[in-house]
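For clarity, every value in this text was computed on a predicted model and none was experimentally measured.
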Amino acid sequence: MEQRLANTWRMPRNDNKFIETALLSDLRVDGRRPSDYRKLTIKLAKQDGSAEVHLGQTHVITFVTAQLVRPYRDRPNEGSLSIFTEFSPMADPSFEPGRPTDAAVELGRVVDRGLRESRAIDTESLCVLSGKLVWAIRVDIHILDNAGNLVDAANIAALVSLLTFRRPECSLTGEDGQDVVVHPPEERDPIPLIIHHLPIAVTFGFFSNENLLVIDPTHHEECVMTGRMTATLNSNGDVCAIQKPGGESVSQSVIMHCLKLAHVKATDITTKIKDAVEIHNNERMLRKIKRHSSSAAVDVCGATAGFGGKQNPLDGDDLECRATPSGQQHSKDGASKNFTGGPSSWTVSS
């Protein structure tokens, strides 16, 4: 981020000149072309709403939580979305513990602006009881390693976490229908968020030579850059937000060229995100089927559970039935094992 630019003294002058000279030949220090992205790796945990993203050596993790709160007076039927960032000194020596730095605040605002102003998340679907209770969604972004371009990595991680997050289902009870009941995951399946589109942030770096332009700058290039711009677009080419925090002025033709490049990159990143989320959802469904089949299976005198068995468990008057209680699983040796925690993080404890 910008704190890297404040520490340009760490970069020798010869290295600065080498980076700019290489760019004049359409080459970068890490071997990429100016319009090439670094390798993007997306990892999803078993727990819903958690993601880990590697963009080159830049490492970011995010997780999403939700709680019931009172809505804002001017938006009684809408929930809220908040972005929080944490810069660990482990990620960069220039990061200091304690109160958020300007770089952390800027990162959170750029990611928040791309999600909020584009109305990517349906906040009206987060309303439980108009004017009284809505869901407040919180996204925590943790920077583990800063190798440049934190905005794009944090944006991707936040989107993946939101896509895999599930909130508890609620129902209204009571005589006047004003009593809210939050159902645990064991009773009703959690509900995913309604996300209309995926606003993808693509960051560009500018240099003293106006003809030099790079996508996805590394921390070495950030030390040499004289300006940056982050364009947030979806796969349809709709511009959701543009952020340019000072630096060298950029002509209109350069901005239009950047938007065309950003559209191509946004389409490619959207495909990678959807593929990763689809794999996660398939694995989640398989775990759910396995868990339900093991907890709800009924052993009736050796009969096969379900309608496809050869023996009907209802036939006979003296059948001895032994069912497995919900939340328990019988192992092969006959011992009962309990599941602890929510369904998204169930572990087996003897």
Side-chain angles (χ1 to χ4, degrees), residues 1-12 15-23 26-43 51-62 85-96 101-111 114 141-159 200-209 212-232 243-248 250 258 261-262 265-266 268-269 272:
M1 296 293 295
E2 298 300 327
Q3 275 190 305
R4 287 281 191 179
L5 301 179
N7 296 330
T8 52
W9 59 270
R10 294 182 181 179
M11 284 281 292
D15 291 352
N16 293 350
K17 292 183 178 180
F18 177 79
I19 292 175
E20 292 195 28
T21 303
L23 287 174
D26 287 340
L27 294 175
R28 302 170 73 170
V29 177
D30 54 6
R32 292 181 292 157
R33 296 290 181 179
S35 60
D36 290 344
Y37 238 76
R38 287 174 291 178
K39 181 181 178 181
L40 174 62
T41 304
I42 301 175
K43 297 181 181 180
E52 180 180 358
V53 169
H54 290 264
L55 185 58
Q57 294 183 354
T58 300
H59 188 188
V60 178
I61 62 172
T62 57
T85 58
E86 180 180 345
F87 282 25
S88 170
M90 177 181 65
D92 192 315
S94 63
F95 297 159
E96 298 179 359
T101 61
D102 294 340
V105 174
E106 179 191 347
L107 175 62
R109 287 178 177 175
V110 173
V111 176
I141 302 174
H142 295 265
I143 308 302
L144 299 184
D145 194 359
N146 178 21
N149 196 12
L150 292 177
V151 173
D152 294 10
N155 170 262
I156 295 172
L159 287 174
I200 306 297
V202 181
T203 300
F204 299 86
F206 307 105
F207 299 85
S208 56
N209 188 331
L212 297 181
L213 170 71
V214 297
I215 292 181
D216 181 26
T218 64
H219 64 280
H220 292 296
E221 293 169 340
E222 287 180 347
C223 293
V224 186
M225 292 186 329
T226 57
R228 69 165 64 237
M229 184 183 74
T230 299
T232 305
Q243 172 79 6
K244 189 182 184 304
E248 289 286 336
V250 181
C258 291
L261 294 176
K265 300 302 179 183
D268 181 45
I269 294 174
K272 294 181 180 179

Which heavy-atom pair separates [X] from [Y] by the least distance, and what is that distance?
X      : Y      : value
Tyr37  : Lys265 : CD1-CD, 4.2 Å
Thr58  : Gly148 : OG1-O, 2.7 Å
Leu213 : Pro34  : O-CB, 3.3 Å
Leu212 : Glu20  : CD1-O, 4.1 Å
Arg32  : Asp216 : NH2-O, 3.0 Å
Ala201 : Thr230 : CB-CG2, 3.9 Å

If I take atom [atom1] from residue [X] and atom [atom2] from residue [Y], how far apart are they, to the nearest 0.5 angstrom?
X      : Y      : atom1 : atom2 : value
His59  : Ile143 : NE2   : CD1   : 10.0 Å
Ile269 : Ile156 : CD1   : CD1   : 4.5 Å
Ile19  : Leu27  : CD1   : CG    : 13.0 Å
Glu52  : Lys43  : CD    : NZ    : 5.5 Å
Phe206 : Met225 : CZ    : CE    : 9.0 Å
Arg38  : Asp152 : CZ    : CG    : 8.5 Å

Given side-chain contact (heavy atoms from CB on, under 4.5 Å), test Val250 with Lys244 step by step and report yes or no. CA-CA 10 Å; Val250 181; Lys244 189 182 184 304; 3.3 Å; yes
If we only count heavy atoms from C-beta on, is the [X] to [Y] side-chain gap below 4.5 Å?
X      : Y      : result
Ile215 : Leu261 : yes
Val60  : Leu144 : no
Phe204 : Val214 : no
His54  : Leu40  : no
Glu86  : Ile141 : no
Phe87  : Leu150 : yes
His142 : Ile61  : yes

Is [X] reaching over with its side chain to a backbone N or O of [Y], donor-acceptor style, under 3.5 angstrom?
X     : Y      : value
Thr85 : Gly108 : no
Thr62 : Ala157 : yes
Arg28 : Arg33  : yes

Would Ile200 and Leu159 count as a side-chain contact (heavy atoms from CB on, under 4.5 Å) if you check the C-alpha gap in whole Å, the side-chain angles of each, and the deciding distance to 0.1 Å? CA-CA 9 Å; Ile200 306 297; Leu159 287 174; 3.5 Å; yes
Run Thr218 and Asn149 through side-chain contact (heavy atoms from CB on, under 4.5 Å) and show every step you take. CA-CA 6 Å; Thr218 64; Asn149 196 12; over 6 Å; no
Between the side chains of Glu221 and His219, does any donor sit under 3.5 Å from an acceptor?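 Result is no, nothing qualifies.
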